[in-house]
Amino acid sequence: MNTPLSWIKAYVPELDCSVKEYCDAMTLSGTKVESAALLDKNLSKIVVGKVLSIEKHPNADKLVVTKVQIDKEGNAIQIVTGAPNIKVGDLVPTVLDGGRVAGFHAAGEGAAPAEGFEIKAGELRGVPSYGMMCSIEELGSSRDVYPDAPADGVYIFSDNPSYEGIQPGDDAIEILGLRDALVEYEITSNRVDCYGVIGIAREAAATFKKPFNPPVIPKTGTNEDVNDYVAVDVKADDLCTRYIARVVKNIKIGPSPLWMQHCLQAEGIRPINNIVDITNYVMEEYGQPMHAYDLDMVEGDDTHAHKIVVRRADKGEKFTTLDGKEYELDDRALMICDGKKSIGLAGIMGGQNSMITDNVKTMLFEAATFDGTNIRLTERRIGIHTDASGKFNKGLCPDTALEAMNRACALVEELGAGEVVGGLVDSYKNPWKEKHLKWSYERTNKVLGTNISKEDMISYFKNEGLSYDEATGEVIVPTFRQDLNEQCDLDEEVARFFGYANIPTTLPSGASMSGGQPFKMRIEDLCREVARSYGYYEAQTYSFESNKVFDKLLLKEDDPRRNAIQIRNPLGPEFAAMRTLPVNGILASLSTNFNRKNKNVKLFEIANIYLAKALPLTELPDERKQLTFAFYGENEKNQGFYEMKGVVEEVLETCGLIGKNVGKVGGDAYVEGLNQNVGELAASAKGELSYDANSGITFLHPYRQANIVYDGQVIGYIGQVHPLVEKNYGIGESTYIAVLDLKDVVARASLDVKYTPIVNLPLVNRDISLVVKENVTHAQIESIIRAAGGEHLENVELFDIYVGEKIQKGYKSMAYSISFRGKEKTLTEDEITGAMNNVIEALAKNDIVLRTE
Amino acid sequence: MKEQLEQLKAQALKKIEESKDLNALNDVRVSILGKKGELTNILKSMKDVAKEDRPKVGAMVNDVREAIEEKLRIRKEAFEAAVLEVKMASEAIDVTLPAKKQAEGHNHPNTVALNELKRIFIGLGYEVVDGPEIEYDYYNFEALNIPANHPAKDEQDTFYITDNILLRTQTSSVQARIMEKGKPPIRVVSPGRVFRADEVDATHSPSFHQVEGLVIDKNITFSDLKGTLAQFARDLFGEDTKVKFRPHHFPFTEPSAEMDVTCFKCHGKGCRFCKNEGWIEILGCGMVHPNVLRMSGIDPEEYTGFAFGVGLERIALLKYEIDDMRLLYENDARFLKQF
């Protein structure tokens, strides 16, 4: 909403504050000012000049030397100009020596400097010039706003009869309506009344505690009765609360007066002619759109010469709006019809078949109130939005329709634009009534934390047009304030006019509470710490992605993860599917980094995947937080998988799943939401971690991948990204990825660490080098050693793998350091040898022998 | 005897002084103090000294020995120091070579900002809670006093899955879930992802984060809301931060407000950063609407409360002076490593 401050002041005449004071105070009372532009910011010393003579310039063909009268006394100055459109006797805006203009000579010369230009006396091609005649662009405006300005040349007052009576020396800025500020407001959706100038002026009056003088609307109309001209039948009164019709005859189309043009210009509306301008003016003033039909085009029926019927459209009905576009409608759209045909798309746009032209003789004025939701749904369904629908869709007050209608008719008479026929056709079956709200001023003070007197509160109400019934203790709210419905709404009115800034500043009383975060968030924070300590950067990627992702990741046709939840109205196909696996976002981010030539990038993300229990969705899906690690660029060749394994195991160790002696799973309290203690999931589950290479993950390298298995359950996976997938994402280096399901991790996590006593007896190492078949895994060997090593075995550490000419083909050599420690006493040589013999024997049973060379 | 000792001492000290290195010094030591050394030989001849003179001579021999040993020690230390010096000199390094750092990772700026917020509110006694990102229309709208066909539903440009399941547009959706589950007093903050159908540009993203705050208790007032959020602003942006509350409209709070803080670059004087306003809009807030309390089974006559919602990205962008929101989701390592 853009409104010139002068228009507000017209209804609050005692408003005397600077533009800044006005804007600040309005913002603080709830009518937020987005911006305020002083229209005369860069304009000074600009008067009406009268061209007295025009002579040829001695040295330039395109310039002329003029004498211009600049005051009433007849003083004149010499101005050299290139303006092609002046003639002797013209009145033109003229900037004097030392004055200032706001823009370049014509549009399209780029943005003018913020401070405008200073105009100084000087010489043009050897001839002195003491000022400049101004184009509309130099005055900081445009032909959009001043359509009477010439395309090329200076603005000429005397070409426009509206300026009759102005004289040389008059303030040209004032005459052009530029001694004003254009204020832009952000109106919240509840304040429908403030979409009109009247509403904002009422707020201004209440804010500054000044009288509010809305326009006085005189009785209008001839002695005729409009009911003899037209009948109105509202068939869909659920969608049309009120329909008012009046008729204007003997219309004289012409320009509207300057004051009205200036108001519209400031609002960014092009003045067109008196009738159109009046409807636009009233729409801006009251926030109530009106429509004008050519009455001669409005057909009647058997009983009436002209008739208006308001009904729902027929299914499949086609209608051509006044801009020539055809729309197909259904029975949810509301139509304005005459006795035979549709003539308007209610509240949105009139029809081509009944629009007024310059030849109109008699016109039907419509001011109606339509159901805002229905207008909004219709305009969205058929894809059309107009200034009028933008007002109607807020849901207007039917009482404003009457004020607007009478105001428009008064303006028709005032401007001599036609003869208003007496009377009113008014269909208003269920009139709105003012509201009587129960109100307790003690409650207002209690909620605000204030101590405001009842009298002060009541004065705030009265200043904004509410009243107080002493007898019942009720606040009476006029119909235009649709937003006030109960005590809390009145609390806000008091707060607004008392001033939010004047309300005290306190902290909540009552028992202090212990804050904190649930266990799962602590685990997430720990995961971040581990990731950071391993050099990973935290990424955040979108929750929705393209359905093509599944092909990019080589998922099988029947992979259940292809059954992603679909957004019904996505921004585009690339944002249509809620992700069912977390790898696409992070791979795409790695790709971005690779393209930008960032080296060795390691990313992690903690975010949800969304798994539908059934599609289409009938209940909320399972949202599972995933911890995803990914990197490209290895430090050591072929060690990527094990680097990834390192960070995964560090996470599991930090969260107490492995490597630590922990007590209760779930730690102190596992809180899903407030006060809901899910409690311990298992008493003290110290589980086994293993890696299952039989994981079959399509987007990972088939020979370098594994499921992460904890106590028999898959809680994640790890691997090198499949070369084809790397290619699909355009990552030109080996890429590794690991995913842990945090819901699974959290369910098994424990931060309840218990101390294990440190034994100070000596540790004895024995190294052995084994020859094993290629397909035997480290895990198999380790488990054999551990099983056979006896109670004193403490650690089994792989320290070398060798494959080469010294070893038989199909075999590899693996060297282990096995350590033992006594529990109560130092182990004897015999005990150690005995244990080692058992180990070697057990290995031999599995065809694993000591390396001999 | 005495003369003999004096002479030996003088000669020994001279030899020690003249020895060129540790080996030479060792030879000197052996030649004097060794089993067949000169001083040892003198000691051996003690048996020839008259018995009554022996203590005197013994003392003399000891004096000489000590003098020689002291000299040997000093000389040895000097040699060792010189050797160490040569060794260390050969180990000289260029101290200006690049530092070797642990490849430390980094949190996302949203996480850094969220941790700040959590720290502040946990300190004020708030519990952190969360809720589903795919949510029922009821919790996202209806329970927040936004009935079907309410214009606010359009304003928020919701992504729908079905008619009654959607991507939550605001973390306020957690409010009703919390109130249904728990009894007042309630004091929670709820961070999380929210979604709106906004095209991606420098200031918009279809997916972003909010932190919702909710306090319900007996006697909670608008002044408590002001005090709490002023405290929050000072904790987050610095002690000299001032706040300004402007009336606003949200369907689920009444009275409602938006809070501005003094620009942390110019401290309210006005600069390019705050578009010369001196103030920067930070969050929306208000007293919980009685309809919202009623719908969740809390009696608005007995309890009042306030709620607020902060855009996490907004805080991150402002606090770290990031000028383009898209940077937050590109995950360029050069960007992320700055936080």
Side-chain angles (χ1 to χ4, degrees), chain A residues 27-28 30 32 188-190 373 447-449 488-489 491-492 495-496 500 503-510 512-517 521 528 531-532 534-543 565 567-569 571 575 589 592-593 596 598 601 603 608 610 616-617 620-621 623 673-676, chain B residues 103-108 110-111 121-122 125-129 132-134 149 151-152 159-162 165 178 181-182 185 187-188 193 197 199 206-207 215 217 219-224 226-228 230 245-249 254-255 257 287 289-290 304 328-334 336-337:
Chain A
T27 294
L28 288 178
K32 189 184 179 196
T188 53
S189 63
N190 60 326
T373 303
V447 167
L448 298 181
C488 64
D489 299 321
D491 297 343
E492 184 176 85
R496 289 201 299 129
Y500 278 22
I503 294 173
T505 299
T506 56
L507 285 175
S509 53
S512 71
M513 300 172 72
S514 64
Q517 62 176 345
M521 289 189 197
R528 287 195 176 90
R532 273 214 323 273
Y534 272 70
Y536 285 82
Y537 295 5
E538 187 181 15
Q540 289 192 351
T541 66
Y542 287 158
S543 302
I565 296 162
I567 298 172
R568 213 164 59 181
N569 56 332
L571 283 184
F575 298 129
S589 292
T592 302
N593 277 286
R596 295 178 184 178
N598 295 338
V601 175
L603 297 178
N608 276 330
Y610 310 86
L617 228 48
L620 297 188
E623 292 182 9
L674 183 82
N675 301 346
Q676 197 201 37
Chain B
E104 183 76 1
H106 298 269
N107 275 343
H108 192 277
N110 281 346
T111 301
F121 283 107
I122 289 174
Y126 287 66
E127 196 178 336
V128 186
V129 297
E133 294 166 6
I134 296 183
N149 290 324
F159 288 120
Y160 280 92
I161 307 288
T162 68
I165 296 177
I178 295 299
K181 258 192 231 165
R187 204 175 280 191
V188 296
R193 269 185 199 215
E199 294 287 349
S207 159
V215 174
D217 202 350
N219 301 319
I220 295 291
T221 65
F222 193 89
S223 61
D224 295 337
K226 279 184 69 181
T228 301
F245 290 83
R246 290 178 284 101
H248 198 71
H249 171 67
E254 188 79 26
M287 299 302 288
H289 198 289
T304 50
L328 295 173
Y329 300 101
E330 278 179 356
N331 303 313
D332 188 314
R334 294 165 299 175
L336 294 173
K337 76 181 295 185

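Here is how names work: the chains are called A, B, and so on, in the same order as the sequence lines, proteins then strands, and each is numbered from 1.
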- Note on the structure: Given B:P255, B:S223, B:G227, the one with more heavy-atom pairs under 4.5 angstrom with chain A than any other is B:S223
- Item | Inter-residue atom distance B:T304.OG1 - A:L448.CG, 0.5 Å rounding | 10.5 Å
- For residues A:C488 and B:H289, report the shortest heavy-atom separation together with the two atoms involved. SG-NE2, 3.7 Å
- Part of B:I134 within contact of chain A (heavy atom distance under 4.5 Å): both
- Task: Using a 4.5 Å cut-off on heavy atoms from C-beta on, say whether the side chain of B:T221 contacts that of A:V447.
- Result: no
- Task: Answer whether the closest heavy-atom distance between the side chains of A:M513 and B:Y126 falls below 4.5 Å.
- Result: no
- Task: Specify the closest pair of heavy atoms between B:A257 and A:Y500, including all atoms of both residues, with the distance to one decimal.
- Result: CB-CE2, 3.5 Å
- Query: In terms of heavy-atom pairs under 4.5 Å with chain B, which of A:G30, A:A531, A:A539, A:G516 leads?
  - Reply: A:G516
- Turns out that what part of A:T541 lies under 4.5 Å from chain B's heavy atoms comes down to both
- Message: Walk me through whether B:H108 and A:Y537 qualify under side-chain contact (heavy atoms from CB on, under 4.5 Å).
- Response: CA-CA 7 Å; B:H108 192 277; A:Y537 295 5; over 6 Å; no
- Query: For the residue pair B:N107 and A:R532, what are the closest heavy atoms and their distance?
  - Reply: ND2-NH1, 2.9 Å
- Message: Which atoms of A:N190 are under 4.5 Å from chain B, going by heavy atoms: the side chain, the backbone, both sets, or neither?
- Response: both
- Residue among A:M521, A:R496, A:Q540 with most heavy-atom pairs under 4.5 Å to chain B: A:Q540
- Structural part of A:T27 lying under 4.5 Å from a heavy atom of chain B: both
- Message: For the backbone of B:A333 and the side chain of A:N593, can you confirm whether one donor and one acceptor N or O come within less than 3.5 Å of each other?
- Response: yes
- Max heavy-atom pair count under 4.5 Å with chain B, selected residue of A:A495, A:P616, A:S509, A:P504: A:P504
- Test item: B:R193 and A:S543 side chains (from C-beta on) under 4.5 Å apart, heavy atoms: yes
- Given that the side chain runs from C-beta out, which part of A:I503 has a heavy atom under 4.5 Å from chain B: side chain, backbone, both or neither? both
- Message: If you take the centroid of each ring, where Trp contributes its six-membered ring, are B:F159 and A:F575 closer together than 6.0 Å?
- Response: no
- Does the pair A:N598 and B:D332 meet the rule for a side chain to side chain donor-acceptor pair (under 3.5 Å), with working shown? CA-CA 8 Å; A:N598 295 338; B:D332 188 314; 2.9 Å; yes
- Message: Between A:V601 and chain B, with a heavy-atom cut-off of 4.5 Å, which part of the residue counts as in contact: side chain, backbone, both or neither?
- Response: side chain
- If you count heavy-atom pairs under 4.5 Å between each of A:T505, A:T506, A:T188 and chain B, which one has the most? A:T506
- Query: Can you find a pair of side-chain heavy atoms, one from A:P508 and one from B:T228, that are under 4.5 Å apart?
  - Reply: yes
- Item | Spacing of CD belonging to B:E254 relative to CD belonging to A:E492, to within rounding of 0.5 Å | 4.0 Å
- Message: Between B:E330 and A:R596, does any side-chain N to carboxylate O distance fall below 4.0 Å?
- Response: yes
- Message: Looking at chain B, which one of A:I565, A:L28, A:L507, A:L571 has the largest number of heavy-atom pairs inside 4.5 Å, strictly under?
- Response: A:L571
- Just wondering, do B:E127 and A:Q517 contact through their side chains at under 4.5 Å, heavy atoms? no
- Side-chain contact test, heavy atoms from C-beta onward, threshold under 4.5 Å: evaluate it for A:E538 versus B:H106 and give yes or no. no
